[in-house]
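Note sheet for the following structure.
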Amino acid sequence: MSWLSFFRGKREEKGNAALAKDRLQIILAHERASRDGEDFLPRLQQELLAVVARYVQVDANKVQVNLERGEGMSTLAIGVELPAKSRRNAAA
Amino acid sequence: MAQVIVVTSGKGGVGKTTSSAAFATGLAQRGKKTCVIDFDVGLRNLDLIMGVERRVVFDIVNVIQGEAKLNQALIKDKRVEGLSILPASQTRDKDALTKEGVQAIIEELSKEYDYILCDSPAGIEKGALLALYFADQAIVVTNPEVSSVRDSDRILGVLQSKSKRAEEKKEPVKQHLLLTRYDPVRVAREEMLKLEDVLEILAIPLLGVIPESETVLKASNAGNPVILDAESPAGQAYADAVARFLGEERPHRFLEPPKKKGFFEKLFGGKAA
């Protein structure tokens, strides 16, 4: 740092270690919580699909399961793409 | 047909995952559809380095065991178009990976992607062997340090004997050296093996030299592949390596210590490159 930067008022750039800590705390909280528990997502997905399949024909490939782990709350979003044909049938 | 690339080293902690993340991101930046797979079952970390850890739903073991479809387990990167991550399982043990399972995944990915990058675990156990088995090309990540060079030599031997290409007596796996954590200042002081020494010993073509750089830690703190930091020497060195991989000629940079600032530069804060 040169003496000129003192007059420019340029501060040293702050590191981002705090960001690393935040990310670790969130992901480790989730991992510790699920360490002993069974991984329920595959079964949850299968059972949900089975329910949906009772009403409409669904392609297992067109099901998206999205999870966003947050600090206080996580969101689980399951998207099922319904084929146009069976929607018409359902409407009829 | 996709090219399968294994990122491997034998030794742990030399920068395989950092390099996998950077390289996969770089290939996607250059318009190549790329999927990067974490083979470190039980100790996954690619998700963290890529910054997608909170979005992992299913993993490679779920796919192999038929509990999820491949496209449900793939995480699409939100920063770069055409980049997907297939995470390793955190809870299962390595035996959950099977050759047939991995083959099926690679075949399915081959239909859609140009490059499949396999981020190998350290060691030469099952996970590492499976990561390299289907490889067409190998990026051997090495530090200028004795144990890393020895382990790289060992893994080169494994590539030449235990890969699918070796078993089927096809054209051998194409090998590339990626020398990481290179510190030109310490090389100049003769404290560290120099590039020429490592090249002489391992005798494989050089893909790139990544300088030791503060930005690598910053990037992993934030979960951003370091290649996205286009200002940083490490980011630029990875971008060069990706360009060379795609056939471009690029001179090697960051091999010499940065020039000392002159008196006037010091006085007036001229920024050295």
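Letters A, B, ... are given to chains in the order of the sequence lines, protein chains preceding strands, and every chain is numbered from 1. Note that the structure is a prediction, hence the values are computed from the model and not measured.
Of the atoms belonging to Asn71(B), heavy atoms from both backbone and side chain fall under 4.5 Å from chain A. Proximity to chain B (any heavy atom under 4.5 Å) is restricted, for Gln45(A), to the side chain, taken from C-beta onward. Of the atoms belonging to Asn66(A), it is backbone heavy atoms, and not side-chain ones, that fall under 4.5 Å from chain B. Proximity to chain B (any heavy atom under 4.5 Å) is shown, for Leu76(A), by neither the backbone nor the side chain.
Near-neighbour residues of residues 72-81 of chain B relative to chain A, defined by a heavy atom under 4.5 Å from a heavy atom of that chain, comprise Gln72(B), Lys78(B). When the heavy atoms of residues 42-56 of chain B are compared with those of chain A, the residues falling under 4.5 Å are Arg44(B), Leu48(B), Gly51(B), Glu53(B), Arg54(B), Arg55(B), Val56(B), listed by number.
A 6.0 Å sphere centred on CD of Glu214(B) holds no more than 12 heavy atoms belonging to other residues, nucleotides or ligands.
Note that CG of Asn221(B) and CG of Leu19(A) are 7.0 Å apart. Values are rounded to the nearest 0.5 Å.
Of the listed residues (Glu68(A), Gln64(A), Arg23(A)), the greatest number of heavy-atom pairs within a distance under 4.5 Å of chain B belongs to Arg23(A).
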